[in-house]
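Worksheet for the structure shown next.
Letters A, B, ... mirror the listed sequences (proteins, then strands); counts begin at 1. This one's a predicted model, so the numbers in the text were calculated from it and none came from an experiment.
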There are 2 protein chains.
Amino acid sequence: MFKSLDPLLHSQLRLAIISLLIGLESAEFTFIKEKTNATAGNLSVQIDKLEKAGYIKVVKSFKAKRPLTTCSITKEGIKAFEEYVNHLKTYINRDNEK
Amino acid sequence: MFKSLDPLLHSQLRLAIISLLIGLESAEFTFIKEKTNATAGNLSVQIDKLEKAGYIKVVKSFKAKRPLTTCSITKEGIKAFEEYVNHLKTYINRDNEK
DNA sequence: ATAAATTAGTTTATTTTATAAACCAAATAA
DNA sequence: TTATTTGGTTTATAAAATAAACTAATTTAT
């Protein structure tokens, strides 16, 4: 009846990150930070978790001599997000049968 | 852009409880337990939180000499759920503008 | 040249949640 | 009568979220 929700995506910030990345080729750390209003620390931690889960790819480089962290969603990430959304629907649509 | 999600509802079990109650006049503890597959302990705690938030009403009585806990959603609970669902849509629909 | 502030993060510590395990009281069954 | 089941609650532990402190380098101001 209620499908279980991927705990990796069932987090406000991680869901926002994925939601953002799914519409983009890639995004920089600071861009994600602005869009999500997250603190840098929290964002750093959550990006790490998504990367370890294989949901996003993280590339570290330099731009104008400064560190630059670029994130992009992976195929697994897209799949996980889609499944998460489908499972959510068992909670938010009133089709409470089976 | 991403609207903040009511932390009281952003929990798998509490969301399932509310989702269930929104379609019913009321429901008994054991019924909710079966439908959500929750453990009694977890369910007890989460029902408590929803009650303290004013999202559900809990009535304790006896049925066949046994304790009976009956829950029903409140107006505030319905409102909170509807708002939660609307906020969720900023995460799951790709209308990532403003 | 050097101190202060800013950028772009990471790490560590603390608080909050979720969850499981243990427990309790009463009733029923063996 | 003791063992089990019902219907929970309470307590303890594990996991998550978050904030605060820190690092390292750069830029700006003095």
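- Taking atom CG of L43(B) as the reference point, atom P of dT9(D) lies 9 Å away to the nearest angstrom.
- Contact between T74(B) and K57(B) at its shortest, heavy atoms only, is CG2-N, 3.8 Å.
- Atoms CG (D48(A)) and C1' (dA16(D)) sit 14 Å apart, rounded to a whole Å.
- Taking the side chain as every heavy atom from C-beta outward, I73(A) and L50(A) never approach each other to under 4.5 Å.
- Between the CD atom of E76(B) and the CD1 atom of I56(B) there is a distance of 12.0 Å, given to the nearest 0.5 Å.
- Counted by atom type alone, E82(B) and N86(B) present zero donor-acceptor pairs between their side chains at under 3.5 Å.
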Using a cut-off of under 3.5 Å, enumerate the N/O to N/O pairs linking the protein to nucleotides 18-27 of chain C.
{"from": "dA18(C)", "atom 1": "OP1", "to": "R14(B)", "atom 2": "NH2", "distance (Å)": "3.3"}
{"from": "dA18(C)", "atom 1": "OP2", "to": "R14(B)", "atom 2": "NH1", "distance (Å)": "2.3"}
{"from": "dA18(C)", "atom 1": "OP2", "to": "R14(B)", "atom 2": "NH2", "distance (Å)": "2.9"}

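- Taking atom CD1 of I32(A) as the reference point, atom C1' of dG9(C) lies 13 Å away to the nearest angstrom.
- Under the 4.0 Å criterion applied to side-chain N and carboxylate O atoms, K3(B) and E83(B) are not assigned as salt-bridge partners.
- Rounded to whole Å, the distance from CD1 on I17(A) to C1' on dA16(D) is 14 Å.
- The nearest pair of heavy atoms linking T90(A) to H87(A) is OG1-O, 2.6 Å.
- When the options T36(B), N37(B), L15(B), I17(B) are evaluated for a side-chain contact (heavy atoms from CB on, under 4.5 Å) with F2(A), the one that passes is T36(B).
- Rounded to the nearest 0.5 angstrom, I18(B) CD1 and D6(B) CG are separated by 9.5 Å.
- Rounded to an integer number of Å, the gap from CD of E28(B) to C1' of dT6(D) is 13 Å.
- Rounding to whole angstrom units, NZ of residue K63(A) and C1' of dA8(C) are separated by 11 Å.
- Listed nucleotides dA8(C), dT10(C), dG8(D) differ in distance to S44(A); the shortest reach to its side chain belongs to dT10(C).
- Protein atom CG of L68(A) is 15 Å distant from nucleotide atom C1' of dT26(D), rounded to whole Å.
- Between the P atom of dG7(D) and the CZ atom of F62(B) lies a distance of 12 Å, rounded to the nearest Å.
- Note on the helix from dA1(C)-dT30(D) to dA30(C)-dT1(D): terminal axis deviation equals 20°, with five pairs used at each end and the result rounded to 10°.
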How far apart are the C-alpha atoms of I32(A) and C71(A), what are their side-chain angles, what is the distance that settles it, and do they pass the side chain to side chain contact (heavy atoms under 4.5 Å, CB included) test? CA-CA 9 Å; I32(A) 300 174; C71(A) 305; 4.0 Å; yes
